[in-house]
Every structure is written in structure tokens, then in C-alpha cells.
Amino acid sequence: MDKPSYLFDKSLIFSHIPFLADLKPFEKKLIFDSLEISEVKRSELIYSQGSPPDAFYCIISGRVEIFIETENGQDILEHITRGKYFGFISLLTCEPHSVSARAVNDTVIAKISKENFAAILKSVPRLAIELSQMLSRRLKRKDLGHPKSIFESTIIAVYGEENIDDDALLYSIALSFGLKSQTQKKAVLIHVSAGKSMVNEVLRIEPARGFKARGQLFPPDEVLKTIVKTDKGFDMLRVFPNTQDLPLAPFLVSLLTMLVNDYHYCIIHLPQVLGPDVFRVLAQSDQVHILVEANAAALKNMSSSLYASGVWTDTEFKKKIKLIVLEEAEAHGKGPRLTCQQEETLFHQPIFATLPHLEKKSFVLDDNFSSPYLKVIRRISRHVGEVLVGLALGSGSAMGLAHIGVLKILEDEGVPVDIVAGSSMGALVGALWCSGYSASEVEEIILANKNKIYLFGLDDLTLPLRGLIRGKHVHRFLKRYLKDMTFCDIKRPFKVVACDVSTMKQVVFDSGRLVDAVMASISIPGVFEPYRIANHYYIDGGILDPLPTDILIECGAKKVISANVLPSAEEIERTYEILNVKEAQGGLVVSWLRRLIRLWRNKPLDFLRPNIFDVIVSSVQSMEFSLAQISALSQSDVNLHPDMTAVSWAVFDNAQDLIKRGEDEARLHLREIKELVKRVD
């Protein structure tokens, strides 16, 4: 801990520590003479678990996290902020610290040494009584095993270069709106501006009174009374930079760490005109949203600016960055659009989101998030707010066409889906949907191809060395509609599950070409040849993970909707009873005539039943259903299971019926789905 580089009036300290504010004058003087003011740098340890008691600490500005060391690393117990005190339990019990304390931001601390603290307690006995009562309450809660309710808060800094500062400001406004709307938690936008601001026009509010920046210590009441409530649910605080030669970063950090006591999300827009102070505040934030245009020059300039500021060399800082790319390169005449890989290579960081081009004059905060821009904002807000809705589309061959019906209902009812995971046929349907086709357009694609032999053409048969079918028809079909799209080109996050033949381990595709990932996922073992990507061979993801709910949870989804279209044992039994009855009608001659007609109509699989394909696929699907049910019951909030009675795994020509079954099942659970999406945990 260092002496602060700026002086404090110690008499002001008492107004920032409620615990000391009501003391009598002589008691205040006693503490005044004992107070030491020190500054702890971000990530610096204040004391460690097991160390002897040394002092009473109180936070003047900044944040401190309390944690314990475990076998698996560090377990964060709580964050404490301005006006809170810590370290006193060890002083009272005379035992070593049971936890460690570390600064989250650059933090100013008032400290009273162990010896001086003991003398104060003797002179002011009521302090000892109050602290002992607090200690008793804490120990009692610990003994009873009651979980401590922690008020979590996140500081989000938004920054863009000067030429897109308006875009960064609009993004800050939209993000504040999105976080409030999607999480139902308190959000405040801190807008740092000296001159005329477009915020008033966008939010349709009168010019707001602002709070003028000053030193690190300021009365909280003066700040709170300048906060404006908007009709969009979030609050706004305008900050006017000071005209004195004082560093702005310490004030902003102090302001933000004060506001975290009252808000779950503090979003601060940092204009580039603030100079080096921008990077100091970025380094102190929990998340850093960097906006940059989608062209090589802009990406290089931003990367260079961060590197020159010194923050770029901080590994922890890099983890905080979320790169937001503005799709405006072509509109500004700055050359062709870069690929996702090119953008990430230029910036040396993965892209978090891509924002569609926005006409600033028509910018409106729409409660339905109907514009393409706001749809992305909603998904970002749900990700940041940890309320992502995930959709798992399972295996099922032709039965997987029911997924289209599910998607149609979700679209029609405005149910937000933030991330999709697909296995086998679920990967195929999910790829078409996530690539930008609407559910109705996916339906049109399937119906236009349902009578074509794009799956099981006789010319696609091969020597049964690795499989019975090469899969070139399916590959041609996928290539026609997905072209050379990669996972970077799609409209929403998408994960595809497959199985590596050499290791028999699950592989999750989220990069590379969509066609390759889908082909790997749908390659039913024994039916299709394993699909080769580079030097690896892949088969159907459904044999290991037929309903990939676990992938969604690993990606941060808090609410999971799953669609299991595999038939249950009861449905399979009823199906074969129905087929046997039909076959028996008209006798043996009529039955064989029906089979010959199917063969003539290019339905070779229906000529002989059960055939080798039936045996393989039915065996695989019966195993997959059990695995899918485990996923549905243990990891889904809402599981959809359309009735698959009297449905064969290969009846792609019955697409319309299968899609309707998916619609019916989704409608049946629609209320449950909507309640899930609205729920705030």
C-alpha cells in the first residue's frame, strides 16, 4: 500500500464512513489522530488468509473482494464497497485472518493499526459493543449455514475512437436499456460530456443537470440528486469534466465504485477527448466494450492505441474486453468487408458481437427490440446479464423436421433465442435457421426438396467399407443453401456436436465452414461414411450427445429449451403395430404390389422392411432416446417432445406433417416457455 499521490482532508473521511459519522467530537479526534490514508493498486493484496490481524480497514473509494483459497483455486465470497469496513473480526477474536482481501480497483483505504484500534475500543466502549454484536451476527449466520446475500454489480466502460463517438454513445444508451429490460435490474448510464449532448434528444428528456467532476472525495447526496430517471427504466447521470488541472480518472473510479452500492449495472461512456484518463478508467472497469469500424485501418488504430496506453499488456485486462464491430465499412466507402478471421487477427482478440449499420436519425428504443440493431443489443444484454436463453435441437433423422415447427412458433411469438446447439438433424435445421433464413423460409426449402432423392439416391451407394452411403447428395443440398458460410457469418451463436471416430470423444464445432460441421454431425455410423475434415473423421454427434443441453449450459445459458424428437419405446411399438396392420390389409399380393410401387416411385428403402438402414438407425435411435431423456430431465427448463407415433426415420416426404407436429408441441408449452423467458432468477 502506498501513500496517495494526492492529499485528502481527513475531516471529510467521517462523512464517507457511516460507522464513524455519529461519534462525539472527542471520539472523532481520537480516531482522526489514528487514521492512516493509503492507496491500494488494482489487484494488490491487502491481507492474506492465515496472516495475523494487523488493522481495521474502511473503504473510502474503490472496491475490495473478499475470498478464500480452495483446492480448486480462489472462491470469491463478496465484494465490499465505499463506506464498508473489514478486517475487524480478526482484531476482536485475536485469530489469524480466515479470508484474504484484494483491491478490485485502485482503492483508497482508511486504516487504523491494531494497537491504535485497541486503544480506541478502550476509550469508546460502545464501539466495541457494536462490533461484537456484528461479529456475533456474522458467526451465527455462518454456523447456521445460511448463504450470504451478495449485491453483485458490474461496471461496464464503453469506448470508441473519436469518429465513431456518437455510435459508442448510442450503444451505451441501448445497452443500458437492454440490461434494464432483459434483467429487470437497476442500471445507470454515466455520460461524460462538457458540451451539447445527443442523449437528451434520443431519450426525449430535458437537458439534465450534471455533476461537476472534482477530487476523489465528494458528498454522495450531491451526486444522487443529479441522477435523472428516464422513461425507459434506466437512470442517467451526466458528468461535466472539471476545468482544473486535476486527474479525472480517480474521480470517475470513485464515482463508479460509489454507484455500485445502488445499481447492478453502471455503464459509462468514455469519449476519446478525455485523453489518457480514458485508459485508466478502462483498466478499472469490470467489462470493457470496445467499438470499432469493420475496416483494417480502424482495427489497427484501436489496437495500437490500447497498446500505447499500457493496458494491452495486462492479461487480466484482455479478458475484460468485448470487441463490438460496426458493420459500416461499405457504407463509408472504406473497402470490402473483412472476414471475421481477418478482424480478429488485426485486433488480436475474438469478436464478441457485430452491430448492423444504424441510421442515427431513426434510432428509437423499441420495447419489442424489433430492429436488427436492437436484436443484437438484446442478445448482448442477455449475455452480460447472464440470462441467456438456449435452444437445443436434437437428433432424429426425418423426425428432426419437427424442429422447424418449433422454430416457427418461437419466431411468431417473439420468444428470444440467444444461442442454439444442434446434433445430427438438429444441426442441419439449426444451421439453416442461424445462417439467416427465417423458420418459414427453412420450411419452404425443405418442402421444395422433400420429393427429391437428395438423401438416399441409389447413385450415392458405395462399397460398405466405412458406410453404405457417401453423402454427396446431402452435401450438395447443404452447399446450395449455406454456400461457404462460416460460423462467423451467421446471425446468432451456434454450436454443432459431432463425434471424432479415432477417439470416440465429443467434438463441438463453432468455427470453420457450416457445411463441414453439419456433414460431420449427421453422418449416422454404418449408414453414412464418416465425414473427413483435415485429418480427422467424424460421425453423428447424436451417439454421444443427442440433445446438447450441456453445451448450452457451458456457454452460459441460464434458461434452456430443448426439442427431443426421437421416438420413445412406446411410440416405436405403436408405430410397428400400425405398419403391421397396414401390411396385412389386402393380403400378401397387395402388400408386395405396394412395395413395388414404392420402388418405382424412387423409395427403395420402403421396398423391404425392415431393411439394413432400419436396423442400424432404429438401434442407434433407441440408445439416443435414453440419453436425450436424461439431458431433457436434468438440464432443460422446458422440454418439447412431439408425438412421433407412426413416423419412420426416413419419411422426408412427410415433411409437412412433421413440421405441424413440432408446431403443435410448441403451442402446447408456449405459456411455460414465455414464463421461463420472463423469469428473473
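Throughout, numbering of the chain's residues begins at 1 and tracks the sequence.
Using a 4.5 Å heavy-atom cutoff, the side chains of Leu274 and Leu248 are in contact. Using a 4.5 Å heavy-atom cutoff, the side chains of Ile324 and Val292 are not in contact. Side-chain contact between Val99 and Leu77: present, with at least one pair of heavy atoms (C-beta onward) separated by less than 4.5 Å. At a threshold of 4.5 Å between non-hydrogen side-chain atoms, the residues Ile37 and Ile109 do not count as touching.
For the atom pair Leu189 CG and Met236 CE, the distance stands at 6.5 Å (nearest 0.5 Å). In this structure, CG in Leu291 is found 10.0 Å from CG in Leu170, a value given to the nearest 0.5 Å. For the atom pair CZ of Arg280 and OG of Ser285, the computed distance is 14.0 Å after rounding to the nearest 0.5 Å. Interatomic distance, OH of Tyr265 versus NZ of Lys186, reported as 14.0 Å (0.5 Å rounding). Considering CZ of Phe240 and CZ of Phe211, their distance stands at 11.5 Å, rounded to 0.5 Å. The distance from the NE2 atom of His79 to the CD1 atom of Ile59 is 10.5 Å, given to the nearest 0.5 Å.
Between Phe494 and Phe487, the ring planes are parallel. Angles under 30° get that label, and only those over 60° would be called perpendicular.
Put simply, the side chain of Ser176 gets close to the backbone of Ser172: a donor and an acceptor are under 3.5 Å apart. Between the Glu554 side chain and the Ile551 main chain, no donor and acceptor come within less than 3.5 Å of each other. The main-chain N or O of Ser48 is never found under 3.5 Å from a side-chain atom of Ser100 such that the two would form a donor-acceptor pair. Using modelled atom types, one side-chain atom of Gln184 and one backbone atom of Ser181 make a donor-acceptor pair closer than 3.5 Å. Remark: side-chain polar atoms of Thr257 are paired, donor with acceptor, to backbone N or O of Val253 under 3.5 angstrom. When atom types are taken as modelled, the side chain of Arg492 and the backbone of Val417 share a donor-acceptor pair closer than 3.5 angstrom. Judged by distance alone, with hydrogens and angles left aside, the side-chain atoms of Glu65 form no donor-acceptor pair with the main-chain N or O of Ala103 at under 3.5 Å. For the pair Lys559 (side chain) and Val677 (backbone), a donor-acceptor distance under 3.5 Å is present. For the pair Ser636 (side chain) and Val638 (backbone), a donor-acceptor distance under 3.5 Å is absent. Checking side-chain atoms of Lys320 against main-chain N and O of Ala283 turns up a donor-acceptor pair under 3.5 Å.
Remark: Glu222 CD is packed, more than 12 non-hydrogen atoms of other residues, nucleotides or ligands lying under 6.0 Å away. Heavy-atom contacts from other residues, nucleotides or ligands closer than 6.0 Å to NZ of Lys300 number 12 or fewer.
Every residue meeting the salt bridge (charged side-chain N to carboxylate O under 4.0 Å, His left out) condition with Lys229, not counting sequence neighbours, appears here in chain and number order: Asp235. Take Glu69 and apply the side-chain contact (heavy atoms from CB on, under 4.5 Å) test, not counting sequence neighbours, and it matches Gln49, Phe67, Gln74. Listed by chain and number, the residues in a ring pair (Phe, Tyr, Trp, His ring centres under 6.0 Å) with Tyr171 are His289 (sequence neighbours excluded). A search for ring pair (Phe, Tyr, Trp, His ring centres under 6.0 Å) contacts involving Phe317 returns nothing, not counting sequence neighbours. Every residue two or more places apart in sequence or in another chain was checked for a salt bridge (charged side-chain N to carboxylate O under 4.0 Å, His left out) with Asp545, and none qualifies.
By the 4.0 Å N-to-carboxylate-O rule, Lys495 lies close enough to Asp510 to be salt-bridged with it. Ion pairing of Asp418 with Arg382 is present here, as a side-chain N (NZ or NE/NH1/NH2) and a carboxylate O approach within less than 4.0 Å.
If you check the side chains of Asp75 and Thr70, you find no donor sitting under 3.5 Å from an acceptor. A donor-acceptor pair shorter than 3.5 Å can be found between the side chains of Asn105 and Arg63. With no hydrogens or angles considered, a side-chain donor-acceptor pair links His97 and Ser90 at under 3.5 Å. Judged by distance alone, the side chains of Asn301 and Glu161 never bring a donor and an acceptor atom under 3.5 Å apart. For the 3.5 Å distance criterion, the side chains of Asn639 and Ser562 qualify, holding a donor opposite an acceptor. Looking only at atom types and distance, the side chain of Ser113 has a donor-acceptor partner in the side chain of Asn116 under 3.5 Å away.
Aromatic rings of Tyr57 and Phe117 (six-membered ring for Trp) have centroids beyond the 6.0 Å cut-off, not under it. Between Tyr85 and Phe56, the gap from one ring centroid to the other is short of 6.0 Å. For Tyr159 and His269, the ring centers sit 6.0 Å or farther from each other.
A cation-pi arrangement is not found for Lys375 relative to Phe369, the charged atom failing to lie both closer than 6.0 Å to the ring centre and inside a 45° cone about the ring normal.
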Side chain to side chain contact (heavy atoms under 4.5 Å, CB included) assessment of Leu35 paired with Lys111: CA-CA 6 Å; Leu35 276 180; Lys111 174 182 174 183; over 6 Å; no
Evaluate the criterion side chain to side chain contact (heavy atoms under 4.5 Å, CB included) for residue pair Val192 and Leu252; output intermediate values, then yes/no. CA-CA 9 Å; Val192 184; Leu252 290 176; 4.2 Å; yes
Let's go through Leu259 and Ile190 carefully: what are the C-alpha distance in whole Å and the side-chain angles of both, what is the deciding distance for side chain to side chain contact (heavy atoms under 4.5 Å, CB included) to 0.1 Å, and is it a yes or a no? CA-CA 10 Å; Leu259 291 171; Ile190 299 95; 3.8 Å; yes
Verdict with reasoning, Tyr263 to Ile227, per side chain to side chain contact (heavy atoms under 4.5 Å, CB included): CA-CA 12 Å; Tyr263 293 93; Ile227 292 177; 3.7 Å; yes
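Pairs engaging residues 169-182 under the salt bridge (Lys or Arg N to Asp or Glu O under 4.0 Å) rule: none recorded [sequence neighbours left out].
Of the residues Asp286, Val188, Leu237, the one that meets the side-chain contact (heavy atoms from CB on, under 4.5 Å) test with Cys266 is Val188.
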